Novice: 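Structure incoming, see below.
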Amino acid sequence: MNTSVRRLTRCAVLTALALAISVAEGLIPLTILFPIPGLRLGLANLVTVYALCCLSPKESFAILIARCTLGALVGGNLSALAFSLTGGILAFLVTWLMLHVGGLSLFGVCIAGAAAHNTGQVLAAVVVLGSPAIAVYLAPLLLASLVTGTATGAASILLVQRVPRLDDAKA
């Protein structure tokens, strides 16, 4: 199989995996542990982090956009697409930057990505609702980013270490 077909197949599989994780994660209410409505661990971001570490930024970004779009379609909530895309794109940019600046472990990178995702979603909410009052929600979300980013970071380390890169995989 030629390399471009292998890369496309890898991107398709990663997109499907990210979508499945996102849908499954939506079924787990974290409000039992943390009384913050809508809080999620962000496990689908594991796929984005893996893609940023092992694929090109272009492929990683395509996986993110496809996951957010398909997730909104599967979930039947197209209004959530603005929040998902805004948070996802901001987290993607911060994560990519942190990976290239160096000096941070995947724990730090994932915590920064989680904080950026929450910040992006609150910014989207301010625009959609037309009120800056929703910004008070950012403080508890940023605190939650420490927990969710740490969990995602730990899982990302294992994922990046144990799942072979495309170039390392046997044909």
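When a residue number appears, it is its place in the shown sequence, counting from 1. All of these numbers come straight from a predicted model, not from anything done at the bench.
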Novice: Is it true that a side-chain atom of Q121 and a backbone atom of G87 form a donor plus acceptor pair closer than 3.5 Å?
Specialist: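 No; judged by distance alone, with no hydrogens or angles, the pair does not exist.
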Novice: Do I63 and L43 land in one hydrophobic cluster if side-chain heavy atoms of ILVMFWY residues count as linked below 4.5 Å?
Specialist: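 Per the 4.5 Å side-chain linkage, I63 and L43 are co-clustered.
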Novice: Just grab all the ring-ring contact (aromatic ring centres under 6.0 Å, His included) pairs involving residues 8-28, residues at least two apart or on different chains.
Specialist: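 Those involving residues 8-28 do not exist here.
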Novice: Could you note down all residue pairs passing ring-ring contact (aromatic ring centres under 6.0 Å, His included) where residues 102-128 supplies at least one of them, sequence neighbours left out?
Specialist: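 Listed once each, the pairs would be none.
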Novice: Is there a donor-acceptor pair under 3.5 Å between the side chain of S156 and the backbone N or O of L46?
Specialist: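 Flag not set: sc S156 to bb L46 has no pair under 3.5 Å.
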Novice: With hydrophobic residues grouped by side-chain heavy-atom distances under 4.5 Å, do I65 and V94 end up in a single group?
Specialist: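 Same cluster: I65 reaches V94 through Ile, Leu, Val, Met, Phe, Trp or Tyr contacts under 4.5 Å.
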Novice: Considering all heavy atoms of both residues, which atom of S60 and which atom of F92 are nearest to each other, and what is their separation?
Specialist: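 Shortest heavy-atom contact: CB-CE1, 3.6 Å.
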Novice: S145 and N118: side-chain donor and acceptor closer than 3.5 Å?
Specialist: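 Yes.
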Novice: Rounded at 0.5 Å granularity, tell me how far CG in L138 sits from OG1 in T119.
Specialist: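 Between atom CG of L138 and atom OG1 of T119 there are 4.5 Å.
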Novice: Could you tell me if S56 and E59 have a donor-acceptor pair between their side chains, going purely by distance under 3.5 Å?
Specialist: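 Yes, S56 and E59 have a side-chain donor paired with an acceptor closer than 3.5 Å.
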Novice: Between R67 and N45, do the side chains contain a donor N or O and an acceptor N or O under 3.5 Å apart?
Specialist: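 Yes, because at least one side-chain N or O of N45 sits under 3.5 Å from a partner of the opposite role on R67.
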Novice: Closest approach of A116 and A91, non-hydrogen atoms and distance?
Specialist: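 Heavy atoms of A116 and A91 come nearest at CB-CA, 3.8 Å.
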Novice: To the nearest 0.5 angstrom, please state how far the SG atom of C53 sits from the CG atom of L159.
Specialist: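 One gets 9.0 Å once the value is rounded to the nearest 0.5 Å.
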Novice: Listing request: all side-chain hydrogen bond (donor to acceptor under 3.5 Å, both in side chains) pairs with a residue in residues 124-136, at least two apart in sequence or in separate chains.
Specialist: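 The answer is none; no pair qualifies.
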Novice: Please report the interatomic distance CD1(I111) to CG(L104), rounded to the nearest 0.5 Å.
Specialist: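 The CG atom of L104 is 9.0 Å from CD1 of I111, to the nearest 0.5 Å.
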Novice: Could you report the tightest heavy-atom contact between I21 and A44, atom names first, then the distance?
Specialist: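 Shortest heavy-atom contact: CG2-N, 3.5 Å.
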Novice: Indicate, with yes or no, if L142 and Y137 share a hydrophobic cluster defined by side-chain heavy-atom contacts under 4.5 Å among Ile, Leu, Val, Met, Phe, Trp and Tyr.
Specialist: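 Same hydrophobic cluster.
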Novice: Check C110 against G149 and note the closest heavy-atom contact, atom names and distance.
Specialist: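 Heavy-atom minimum between the residues: CB-O, 3.4 Å.
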Novice: Test side-chain contact (heavy atoms from CB on, under 4.5 Å) on L52 and V109 and set out the steps.
Specialist: CA-CA 11 Å; L52 277 168; V109 168; over 6 Å; no
Novice: Pairs in or reaching into residues 138-161: which pass ring-ring contact (aromatic ring centres under 6.0 Å, His included), with residues at least two apart or in two chains?
Specialist: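 Output for this query is empty, none listed.
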Novice: May I have all residue pairs that pass side-chain hydrogen bond (donor to acceptor under 3.5 Å, both in side chains) and include part of residues 104-115, sequence neighbours excluded?
Specialist: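 side-chain hydrogen bond (donor to acceptor under 3.5 Å, both in side chains) check on residues 104-115 returns no pairs.
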Novice: Show every side-chain hydrogen bond (donor to acceptor under 3.5 Å, both in side chains) that has at least one partner inside residues 81-99, sequence neighbours left out.
Specialist: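 The answer is W96-H100.
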Novice: Restricting to non-hydrogen atoms, name the atom on C11 and the atom on L55 that form the minimum distance, rounded to 0.1 Å.
Specialist: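 For C11 and L55, the tightest heavy-atom pair comes out as SG-CD1, 4.2 Å.
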Novice: Can you tell me how far CG of L158 sits from OH of Y50, rounded to the nearest 0.5 angstrom?
Specialist: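 Reported to 0.5 Å precision, the distance equals 13.5 Å.
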Novice: Out of curiosity, L90 CG to L85 CG, how far, rounded to the nearest 0.5 Å?
Specialist: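 One finds 12.0 Å between CG of L90 and CG of L85.
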Novice: Are V160 and V163 connected in a single hydrophobic cluster, I mean Ile/Leu/Val/Met/Phe/Trp/Tyr linked by side-chain heavy atoms less than 4.5 Å apart?
Specialist: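 In one cluster with V163: V160, yes.
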Novice: How long is the span from the CG atom in L81 to the CG atom in L73, to the nearest 0.5 Å?
Specialist: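 Nearest 0.5 Å value for the CG-CG distance: 7.5 Å.
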Novice: Determine whether T48 and F61 make a side-chain contact, defined as any pair of heavy atoms from C-beta on separated by less than 4.5 Å.
Specialist: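 Answer no - side chains too far apart.
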Novice: Do you reckon V127 sits in the same ILVMFWY cluster as I134, going by side-chain contacts under 4.5 Å, direct or chained?
Specialist: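 Per the 4.5 Å side-chain linkage, V127 and I134 are not co-clustered.
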Novice: Would you call T152 and L41 a side-chain contact if the rule is heavy atoms closer than 4.5 Å?
Specialist: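 T152 does not reach L41 side chain to side chain.
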